[in-house]
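Step one of this worksheet: look at the structure below.
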Amino acid sequence: MKGEEQRPREESRRIVCLRKRDEKEWPACWASQKPSPALQKEDRMIHFPSTLWKISPNANHTTVGFLFSGALGAREVDDMAWWKAWVEQEGVSVKGSPHFNPDPDAETLYKAMKGIGTNEQAIIDVLTKRSNAQRQQIAKSFKAQFGKDLIETLKSELSGKFERLIIALMYPPYRYEAKELYDAMKGIGTKEGVIIEILASRTKNQLQEIMKAYEEDYGSNLEEDIKADTSGYLERILVCLLQGSRDDLSGYVDPGLALQDAQDLYAAGEKICGTDEMKFITILCTRSATHLLRVFEEYEKIANKSIEDSIKSETHGSLEEAMLTVVKCTRNLHSYFAERLYFAMKGAGTLDGTLIRNIVSRSEIDLNLIKNQFKKMYGKTLSSMIMEDTSGDYKNALLNLVGSDL
């Protein structure tokens, strides 16, 4: 009887330890974690963590968070901020300097670029080992001490892919993503893949900040620019994604609505001659991740094929890419970014823009988790592929940002 009383406490500790890379690490984690009171409230939680582990030992943190949301009430979820904080810290590959002082860093950079020649390694050592917030302070100190703009000075001293990477590090996150979107649409032609990647993988709050930064920096409305630069169903899905209507932190899924959505998708594609693209767009762009996962399950039962296979047979081009990206981000966001990084380096040549953007933008969010998924999917580490595919200062800077692969 005593053992049964202790089980909820032990299970609640296990849930915070289950994502450790090696089970040998569990004992130390187990001993250090305080079980959440929320996990001890009702018997319904006793078997939840072990069930989760059996169902999905490779579940990503987003999935685990959704499962928590479904198992607990809204108030109980609020008590679990420790889980969110722990996940966020584990995912970050660039954590900055614990004893940070911007003034000596600014001086180091000034000396690295003063006179004839440039000390690229000194620039790498400073900028790749500081958080973005710390880099912004270094830029302010640089201007205060030496009367120069740090980004402009870096541009004058560096070149090529290395310059592109270092300049990307100097932009505040939302301004950087706004710049990537602006660059994807300026001039002749449009880089639809860049727009799809950013809009399909960001949260509503992130998209709102990007739109704000875009308007501040370029004096233009992001939605209007997308409408002006794209057309047809691609334009519609991009505008829908920009609204960020897929966010739903409750994790609640209505089984009846999920079944209806699956039936509607089948009726809009496989069941008819032609395709009702707007039905696909509406469901994919306005339903939460947890809801869509249930829809995909129900769809496969009805159609006897995956939603991905149906999208491939019913659509093509950039619209197909956009829909598949939504599905990939829904199933596993870390797998999606791992795939983007892999194909940026696979084969002849390197898609440096994709490589730089995804490493820089995820380095302070979840790059470590993406690295883990990369190794599972491709049987090699992200670092090893970077070493094979890049060179010189560019390679060294990328490796510093990625960090060690375990």
Side-chain angles (χ1 to χ4, degrees), residues 21 88-113 117-139 141-142 150-151 153-155 157-173 176-177 179-180 334 337-338 340-342 344-345 350-375 378 380-406:
R21 293 186 181 88
E88 288 175 347
Q89 274 302 107
E90 190 183 351
V92 174
S93 67
V94 177
K95 298 181 179 179
S97 173
H99 307 293
F100 175 67
N101 185 340
D103 295 339
D105 281 349
E107 188 174 352
T108 297
L109 292 175
Y110 178 74
K111 290 178 178 177
M113 295 182 282
T118 305
N119 185 347
E120 287 86 355
Q121 190 58 50
I123 295 171
I124 292 171
D125 289 341
V126 172
L127 296 181
T128 64
K129 295 178 182 178
R130 304 293 184 269
S131 68
N132 190 275
Q134 290 174 344
R135 290 182 209 119
Q136 304 314 312
Q137 292 184 56
I138 292 169
S141 177
F142 190 91
L150 178 54
I151 290 181
T153 306
L154 288 165
K155 285 180 179 179
E157 293 290 329
L158 308 177
S159 62
K161 295 173 284 189
F162 179 56
E163 176 196 344
R164 186 174 180 179
L165 173 59
I166 293 300
I167 298 305
L169 290 173
M170 291 308 303
Y171 275 87
Y176 172 60
E177 293 180 327
K179 181 181 184 299
E180 287 291 289
H334 304 137
F337 282 118
R340 291 288 287 175
L341 289 167
Y342 178 76
M345 294 181 282
T350 304
L351 300 176
D352 294 292
T354 301
L355 184 61
I356 291 169
R357 182 175 57 256
N358 285 293
I359 287 179
V360 170
S361 66
R362 309 311 294 189
S363 63
E364 292 185 52
I365 301 175
D366 55 2
L367 187 54
N368 281 340
L369 308 180
I370 294 166
K371 282 158 49 181
N372 294 343
Q373 201 64 29
F374 189 99
K375 190 172 182 179
Y378 303 111
K380 60 170 69 177
T381 65
L382 176 57
S383 294
S384 67
M385 203 160 178
I386 289 171
M387 289 181 74
E388 293 168 4
D389 214 62
T390 62
S391 61
D393 297 317
Y394 178 51
K395 176 187 74 175
N396 294 337
L398 286 171
L399 290 174
N400 267 18
L401 293 169
V402 168
S404 61
D405 279 302
L406 299 178

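No experiment lies behind these values; they were computed from the predicted model shown. In what follows, residues are counted from 1 in the order of the sequence shown.
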Can you measure from [atom1] ([X]) to [atom2] ([Y]) and round to the nearest 0.5 angstrom?
X: L109; Y: T153; atom1: CG; atom2: OG1; value: 9.5 Å
X: N396; Y: I124; atom1: CG; atom2: CD1; value: 5.0 Å
X: T354; Y: R340; atom1: OG1; atom2: CZ; value: 4.5 Å
X: R362; Y: L341; atom1: CZ; atom2: CG; value: 10.5 Å
X: N400; Y: D125; atom1: CG; atom2: CG; value: 7.0 Å
X: L382; Y: M387; atom1: CG; atom2: CE; value: 12.0 Å

Exercise. With respect to F100, which candidate in S97, P98, P104 satisfies the side chain to side chain contact (heavy atoms under 4.5 Å, CB included) definition?
Worked result: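 Output: one option passes, namely S97.
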
Distance-only, no hydrogens or angles: does the [X] side chain make a donor-acceptor pair with backbone N or O of [Y] under 3.5 Å?
X: D366; Y: L369; value: no
X: N368; Y: V92; value: yes
X: S384; Y: K380; value: no
X: S141; Y: A106; value: no

Flag side-chain contact, heavy atom, 4.5 Å: [X] against [Y]:
X: V94; Y: L367; result: no
X: D389; Y: K395; result: no
X: M345; Y: E388; result: no
X: F374; Y: M385; result: yes
X: L399; Y: Y394; result: no
X: R357; Y: Y176; result: yes
X: E364; Y: N132; result: yes

For this session: Starting from the C-alpha separation in whole Å, work towards a yes-or-no answer on side chain to side chain contact (heavy atoms under 4.5 Å, CB included) for E107 and F142.
Result: CA-CA 7 Å; E107 188 174 352; F142 190 91; over 6 Å; no

Distance-only donor-acceptor hits, side chain of residues 159-170, under 3.5 Å, sequence neighbours excluded:
none

Problem set entry | Option from Q137, R130, R135, Q134 for which side chain to side chain donor-acceptor pair (under 3.5 Å) with D105 holds |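 Among Q137, R130, R135, Q134, the one that satisfies the side chain to side chain donor-acceptor pair (under 3.5 Å) with D105 is R130.
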
Exercise. Are there more than 12 heavy atoms of other residues, nucleotides or ligands under 6.0 Å from atom NZ of K155?
Worked result: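 Atom NZ in K155 is crowded, with more than 12 foreign heavy atoms closer than 6.0 Å.
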
Exercise. Can you check side chain to side chain contact (heavy atoms under 4.5 Å, CB included) on L150 and Q136, steps first, answer last?
Worked result: CA-CA 10 Å; L150 178 54; Q136 304 314 312; over 6 Å; no

For this session: Apply the test side chain to side chain contact (heavy atoms under 4.5 Å, CB included) to residues I138 and D103: give CA-CA distance (whole Å), side-chain angles for both, the deciding distance (0.1 Å), then the verdict.
Result: CA-CA 7 Å; I138 292 169; D103 295 339; over 6 Å; no

Exercise. Which class fits the ring pair Y378 and Y342: parallel under 30°, tilted 30 to 60°, perpendicular over 60°?
Worked result: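 Y378 and Y342: parallel rings.
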
